[in-house]
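Note sheet for the following structure.
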There are 2 protein chains.
Amino acid sequence: MSKVVSKPTVHDIARVARVSLATVDRVLNGRSGVREKTIDKVNDAIRELGYVRDRSAANLARQRQYSFTFVLPEGPSQFVDTIREALRDAYASQIADRVTLNVISVPTHDPHAIVRKLLSIDVSGLDGIALVVPETPQIRDLVARLKAAGVAVIALASDLPNSERDFFVGVDSVAAGRTSGLLMGKFAPDAGEILVVTNSMRARDSLERRLGFDQVMQTSFPHLKVLPTIESFDDPARMEELVYGMLIRKPRLLGLYSMGSGNLAVLRALRRSARSAELSVIVHELTPPTRAGLLSNEIDAVIAQNVGHLVRSALRVLRNLSDRLPIFEAQERIRIEIVMRENLHYPS
Amino acid sequence: MSKVVSKPTVHDIARVARVSLATVDRVLNGRSGVREKTIDKVNDAIRELGYVRDRSAANLARQRQYSFTFVLPEGPSQFVDTIREALRDAYASQIADRVTLNVISVPTHDPHAIVRKLLSIDVSGLDGIALVVPETPQIRDLVARLKAAGVAVIALASDLPNSERDFFVGVDSVAAGRTSGLLMGKFAPDAGEILVVTNSMRARDSLERRLGFDQVMQTSFPHLKVLPTIESFDDPARMEELVYGMLIRKPRLLGLYSMGSGNLAVLRALRRSARSAELSVIVHELTPPTRAGLLSNEIDAVIAQNVGHLVRSALRVLRNLSDRLPIFEAQERIRIEIVMRENLHYPS
DNA sequence: ATATAAATGAGGAACGTACCTCAAATCAAC
DNA sequence: GTTGATTTGAGGTACGTTCCTCATTTATAT
């Protein structure tokens, strides 16, 4: 309804507030040496005009360049591949405006090797770093060292709660486990047993997911008996045999909850047992195999996090940390998504 | 790992390609009058340097101002309020850079009044319009008229498939209904009846949701009998009584699917009947009442769309339409979200 | 070789903000 | 009323791109 004239600029503020451009600039950018009264005059003019800073012009003038490094585990992993892809996407969009990204890979399980590799990177000129690594004393040390060098540090996907990291971008694993538990409880009506599998309970994520899962199961679905976690220790063959064995030996099994990766092996075991139809299967992470599992009705629900959000959030957070700006926490909370066959509408 | 020098600019391209700045500009902005060979030289240089256009500078120089109008139904509606809020948020962020937004309210159910109000808006200088209105012949006419005046038109949340609208930003209602159906089927194990309620089946959304719901129910859960849709015609009291009556008279009821708004009345009826615990309740739209319903276990699942995404997507699409740029459809697909008690982690 | 058209170059202004310097004005304290 | 400190003003340059004009060079057709 309102007529559009053309956005007010700093010049307009100066005119309306009857001060100079320099003063407007001082107020706008919080520089010192301006009387309270003058600040008010300027702010009044800003409000009166409905002025909003032109971000494009500001960024251009500021010439701020951010240099961020993402540290990802090496080796084949659907999840990490997705992060890589999301980083590429983000880089092409405005979210990564004025940032230079570096992505480096580190060995997955050797903390010393991780630290060695990370110590070799040039910290000068580096504004922030996002770590996707397991928490170990060596990593905690490293985080402290990075912080001391003035680098913003965030944990991505998997938290480093006992380190000095500035922020964690990712989902609350306990809540993710609780969500799985709630779904499992609703899916499995009668009394019976639930099988829980993962790569390794040494991983914090799996521990926390199990914790959340059990919380809900115990309080809301006591008729379901959750069996001890089966671990494959990153061996797909072992995973398949263990799961298959349980499927054969436990006739009262009503559900299967896979907390880690290795879902391909789980699916193979399920297929061999021919018990797929009678079991409710819930797994984590939306990947090509789990997507296929949803479509084939072998998986009932996938608990996922949107990796695009994860990456964009990480970039926003790193940027704000670098500029010592506050972080709008609510915006950075990564949703726990429930994906089933009918709402599987993600771009493939 | 790679050293950061400082981003290459158009000047660098010109230097490396051994052409003038003007030529680089012509190539970069697809202007005519450049030989194929020269275009290649420039593109080679761009690739060699890894040049990426500085969006801030480009936007600033281009001085493109977008003027968009959002047309929302008036009257109290949680959903519309959320859109309003999301628009405000978007306006404060970079997504609405260089756009001036107008929001106008129109009567909800009177197509003539809507058209009258919309005809009164000044089309000159308007780049695009987003419509949240029901489809009627009058609206289709209006869309055609707006298109003829050179205004980009998108349907928001609710599609106008038989009009000349350029794009639809929202979820596929049939898929949303299918998702609800799948959830309901998984939640309700035994044979029994499912109650379906809405404001009005005249609304396309409700029709399509019911269609999707029935598809899944019939093919996957034939043991469940879906009752005819109950309509409240926007009368909460009527809704409450109708639902309450069914709850009393139908002992075999296992589930309740609410496709439209008016969930407050549905919840009241449910509470009065004291049958909440035995029923699986699935509703649409995450609003304060449905959020409360999730927390109190009266609602089992909410099918929602992320209104923030909806609005940001609308702005992106309108912008691209105005610039006659292609739309990246996969990015604009709005997800159907399944929200339950344990993944209800939205900012309140 | 000439006429004509097409392609390219050179240069500059503009966008709105940030940030700088130096001078001038205003204020506070005595 | 003077001194010294604080506040304000005036003016400029820079950021990287877009878009413009006009001159010049190069290619094409005759």
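Lettering follows sequence order; numbering is per chain, from 1.
Within 4.0 Å (heavy atoms only), A/R64 reaches no atom of the nucleic acid at all.
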query: Just by protein heavy atoms under 4.0 Å, how would nucleotides 11-21 of chain D read 5' to 3' in B, S and -?
result: ----BBBSB--
task: Determine, for nucleotides 23-30 of chain C in 5'-to-3' order, which nucleotides have protein heavy atoms under 4.0 Å from the base (write B), from only the sugar-phosphate (write S), or from neither (write -).
output: ----S---
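For residues 305-336 of chain A, the pairs satisfying ring-ring contact (aromatic ring centres under 6.0 Å, His included) are A/H309-B/H309, with sequence neighbours left out. The salt bridge (Lys or Arg N to Asp or Glu O under 4.0 Å) contacts involving residues 14-32 of chain A comprise A/D12-A/R15, A/D25-A/R31, where partners must be two or more places apart or lie in separate chains. Under the ring-ring contact (aromatic ring centres under 6.0 Å, His included) criterion, the residue pairs touching residues 15-66 of chain B are B/Y66-B/F68, with sequence neighbours excluded.
Terminal axes of the helix from C/dA1-D/dT30 to C/dC30-D/dG1 (five pairs each, C1' rotation axis) are separated by 10°, to the nearest 10°.
Of the residues listed (B/V19, B/V42, B/D40), the one engaging B/V27 in a side-chain contact (heavy atoms from CB on, under 4.5 Å) is B/V42, and it is the only one.
Rounded to whole Å, atom P of C/dG9 lies 15 Å from atom CZ of B/R15.
The phosphate of D/dG9 (OP1 or OP2) has a side-chain N or O of A/T23 nearer than 4.0 angstrom.
A salt bridge does not link B/K41 to B/D44: none of the charged side-chain nitrogens sits closer than 4.0 Å to a carboxylate oxygen. Salt-bridge annotation for A/D166 and A/K147: present, with a side-chain N of the basic residue lying under 4.0 Å from a carboxylate O of the acidic one. Ion pair A/D172/A/R333 not flagged as a salt bridge, since none of the NZ, NE, NH1 or NH2 atoms sits closer than 4.0 Å to an Asp/Glu carboxylate oxygen.
Under the side chain to side chain contact (heavy atoms under 4.5 Å, CB included) criterion, A/R324 pairs with no residue at all, not counting sequence neighbours. Under the side chain to side chain contact (heavy atoms under 4.5 Å, CB included) criterion, A/A58 pairs with A/R53, A/R62, not counting sequence neighbours. By the side-chain hydrogen bond (donor to acceptor under 3.5 Å, both in side chains) test, B/N59 pairs with no residue at all, sequence neighbours left out. Residues satisfying the side-chain hydrogen bond (donor to acceptor under 3.5 Å, both in side chains) criterion with B/T69, sequence neighbours excluded, are absent altogether.
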Quiz: residues 79-89 of chain A side-chain donor-acceptor pairs under 3.5 angstrom, not counting sequence neighbours:
unit_1: A/T82; atom_1: OG1; unit_2: A/Q78; atom_2: O; d: 2.5
unit_1: A/R84; atom_1: NH2; unit_2: A/S105; atom_2: OG; d: 2.6

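Residues from residues 40-48 of chain A lying near DNA chain C, meaning a heavy-atom separation below 4.0 Å, are absent.
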field: salt bridge (charged side-chain N to carboxylate O under 4.0 Å, His left out) between A/R319 and A/D127, worked out
entry: CA-CA 8 Å; A/R319 202 192 284 247; A/D127 296 293; over 6 Å; no
